[in-house]
Amino acid sequence: MSLLQIPQELRDHILSLVVLSTAVVAPPESPVNPDEREYLRDTKRRSWSMGGSVLYTKDTQMKGIPTLAINRQLRMETLAVISHLNLPSLRSYKLDVMIVEDNLLWATWLYVPTTTTMVEEVHVTFRTMGASPTRSCGYNGGDGGPPRIVWDFYHLLERFLLVGPVGRQKQHHDKNIKIRHLILDVRTPDVPAEMIAPDVNQGRLLRLRRQSGIKYIKNPKSVVTFISSFLHYLHGWGEIAEISVAYDKVGKITLMLDGIMVEERLLTNCILLDSNASEPEGPHGKLEPIFQEWELKKPTQASTEAGTKTY
C-alpha cells in the first residue's frame with residue numbers, strides 16, 4: 001500500500017513526523033560536546049577572517065523535506081502540515097548562535113525546510129553562554145581594526161550567502177544566495193538577574209569582573225549595541241570589493257532584543273530606522289528589483305515535482 005492510499009488522518013500524522021524529523025532541530029541547551037562541532041574553512045572567503053572561532057555542527061543532514069519533491073499531492077499536503085504546525089515558510093530559515101564565553105560562536109541550524117537561492121527570511125537567535133575566563137576575548141579591540149568577533153559574525157553571514165545552510169563542502173563555489181530579510185534577535189541569558197552585568201562597554205565590564213571576582217555575563221543590551229556597530233562596519237565595507245558580498249546580497253536587517261525590534265537597516269542604501277519609525281515608501285536600493293523578480297520566478301506545480309529546490 002502506498003502512502004497516498006492510507007487514510008488522510010494517518011498520512012497527515014506521517015507527514016508531520018517527516019517535517020519535524022527532517023527540517024526542525026531543537027536548540028542546544030548549553031555548549032556541550034565540542035567534539036560534535038567543527039570549523040569550516042571550505043569556501044573562498046572574501047573577508048579578512050577564516051572564521052576560526054565559529055563552530056558548526058558536524059555532518060548536518062538538513063537538506064530539506066523529501067515529501068515536497070515526490071508529487072503534487074504530497075507537496076500540497078506537506079505544505080498544509082507546515083502551516084498547521086505554525087512553521088515559517090519554505091523560503092525561511094532559523095539559526096541559533098551561542099556566544100560561548102565571549103569568544104566562540106556555536107552555530108546550529110534549527111529550521112531548513114528546503115534549499116533555495118532566494119531566501120525570504122533568516123531568523124538568527126543569539127544567546128550568550130558564560131563569560132571569558134581571561135581578559136582576552138572576542139569583544140576586545142583589534143590592532144586598528146574591529147574586534148575579532150566582528151569578523152566571526154561576518155564569516156557566519158558570508159558563508160551562508162556563498163553556500164547556504166549546509167555542512168562541509170568538497171569544493172569551493174558560490175551559489176549567489178540572497179536574503180530579503182535578515183533578523184538578528186539577541187536573547188537575555190537564562191541566568192539569575194544578579195549575574196548579568198550592567199549595560200557597559202567591554203573595558204568597564206572587564207574591570208568590573210576583575211574588581212568583583214564575579215564572572216558577570218555580558219548584558220544583552222551591550223550585545224545589541226555591539227551588533228549594531230557590526231552593522232555599521234558592514235555598511236562601511238560595502239564599497240570594498242573583497243568583502244562586499246553581504247552588502248550586495250541582503251535587503252533589510254532587523255535587530256531585536258528578546259523579540260522586540262530595536263532598529264532596522266535597509267542595507268542596500270543604509271537607511272537606518274529606529275523602533276518607532278515606519279518603513280519608507282518606494283524603492284530601497286539596487287537589490288529591490290531583484291526581490292521583485294522572485295515573484296516572476298515561482299515554479300509551477302509540475303516543475304516542483306522534480307526536486308526540493310524551491311527556485
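Both I149 and L255 are assigned to one and the same hydrophobic cluster, defined by single-linkage of ILVMFWY side chains at heavy-atom distances under 4.5 Å. I177 and I183 fall into different hydrophobic clusters, where Ile, Leu, Val, Met, Phe, Trp and Tyr residues are linked whenever their side-chain heavy atoms come under 4.5 Å apart, directly or through other members. By the criterion of side-chain heavy atoms lying less than 4.5 angstrom apart, applied directly or through intervening Ile, Leu, Val, Met, Phe, Trp or Tyr residues, M76 is grouped together with I6 in one hydrophobic cluster. In the hydrophobic clustering of ILVMFWY residues, with side-chain heavy atoms under 4.5 Å counting as a link, L68 and L3 come out together. Taking hydrophobic clusters as Ile, Leu, Val, Met, Phe, Trp and Tyr residues chained together by side-chain heavy-atom distances below 4.5 Å, F126 does not share a cluster with L205.
Once rounded to the nearest 0.5 Å, the distance linking NZ of K252 with CD1 of I179 reads 13.5 Å. The distance from the CG atom of L87 to the CG atom of L85 is 5.0 Å, given to the nearest 0.5 Å. The line from OG1 of T128 to CD of E101 is 12.0 Å long, rounded to the nearest 0.5 Å. Interatomic distance, M256 CE to M261 CE, rounded to the nearest 0.5 Å: 8.0 Å. If you take CG on L95 and OH on Y93, they are separated by 12.0 Å, rounding to the nearest 0.5 Å. The line from OG of S132 to CD1 of I99 is 13.0 Å long, rounded to the nearest 0.5 Å.
Side-chain contact between I214 and M195 is present, with heavy atoms from C-beta onward closer than 4.5 Å. By the 4.5 Å heavy-atom criterion applied to side chains, S228 and E263 are counted as neighbours. At a threshold of 4.5 Å between non-hydrogen side-chain atoms, the residues Y139 and V223 count as touching. Side chains of R159 and Y56 form a contact here, defined as non-hydrogen atoms less than 4.5 Å apart. Using a 4.5 Å cut-off on side-chain heavy atoms (C-beta onward), S16 and V81 make contact. Within the 4.5 Å cutoff, the side chain of T254 has no heavy atoms near those of the L182 side chain. With a 4.5 Å cut-off on side-chain heavy atoms, S53 and W151 do not count as touching. Between L104 and L55, the closest side-chain pair of non-hydrogen atoms falls below 4.5 Å.
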Point to revise | Steps toward side-chain contact (heavy atoms from CB on, under 4.5 Å) verdict (K249, K178) | key: CA-CA 5 Å; K249 297 182 179 182; K178 297 177 178 65; 4.2 Å; yes
Exercise for review: Under the side-chain contact (heavy atoms from CB on, under 4.5 Å) rule, what do V150 and F226 come out as? Steps first, then yes or no, please.
Suggested key: CA-CA 9 Å; V150 167; F226 189 88; 3.6 Å; yes
Practice item. Start with the C-alpha distance between I253 and L184, add both sets of side-chain angles, then the distance that settles side-chain contact (heavy atoms from CB on, under 4.5 Å), and finish with yes or no. Key: CA-CA 7 Å; I253 297 182; L184 307 176; 4.0 Å; yes
Exercise for review: Dump the intermediate steps for side-chain contact (heavy atoms from CB on, under 4.5 Å) on I65 and V18, then the final yes or no.
Suggested key: CA-CA 7 Å; I65 304 169; V18 170; 4.1 Å; yes
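Nearest heavy atoms, T114 versus L90: CG2-O, 3.1 Å. Across every non-hydrogen atom of C137 and R148, the tightest pair is C-NH2, 3.8 Å. Considering every non-hydrogen atom in both P220 and I196, the closest pair reads CD-CG2, 4.0 Å. Closest heavy-atom contact between P189 and I217: CG-CG2, 3.7 Å. Annotation for V163 and K175: closest pair O-NZ, 3.1 Å, computed over non-hydrogen atoms. Nearest heavy atoms, T78 versus L74: OG1-O, 2.6 Å.
A salt bridge links R11 with E77; the closest basic N to acidic carboxylate O contact falls under 4.0 Å. Salt-bridge check for K218 with D199: failed, with every basic side-chain N at 4.0 Å or more from each acidic carboxylate O. Salt bridge present: R127 and D96 bring a charged side-chain N and a carboxylate O closer than 4.0 Å.
Without hydrogens or angle criteria, Y111 side chain to P88 main chain gives a donor-acceptor distance under 3.5 Å. Not a single donor-acceptor pair under 3.5 Å links the side chain of D102 to the backbone N or O of G138. Judged purely by atom type and a 3.5 angstrom limit, S83 has no side-chain atom pairing as donor or acceptor with the backbone of L79. A donor-acceptor distance shorter than 3.5 angstrom exists from the side chain of D174 to the backbone of N176, with no hydrogens or angles considered. When atom types are taken as modelled, the side chain of R91 and the backbone of V119 share no donor-acceptor pair closer than 3.5 angstrom.
E120 and S89 form no side-chain donor-acceptor contact under 3.5 Å, judged by distance and modelled atom types alone. Using modelled atom types, one finds no donor on one side chain facing an acceptor on the other under 3.5 Å when comparing H123 with S92. A donor-acceptor contact under 3.5 angstrom links the side chains of T108 and R37, judged on distance only. For the residue pair T125/D185, the side-chain donor-acceptor check at 3.5 Å is not satisfied. Between the side chains of T57 and E36, no donor-acceptor pair is found at a separation under 3.5 Å.
The number of heavy atoms from other shown groups lying within 6.0 Å of CD (E9) does not exceed 12. Counting heavy-atom neighbours within 6.0 Å of Q5 CD, excluding the residue itself, gives a total above 12. More than 12 heavy atoms of other residues, nucleotides or ligands lie within 6.0 Å of CG in D258, so this atom counts as buried by the packing criterion.
In this structure, W109 and F160 have tilted ring planes: the angle between them lies in the 30° to 60° band.
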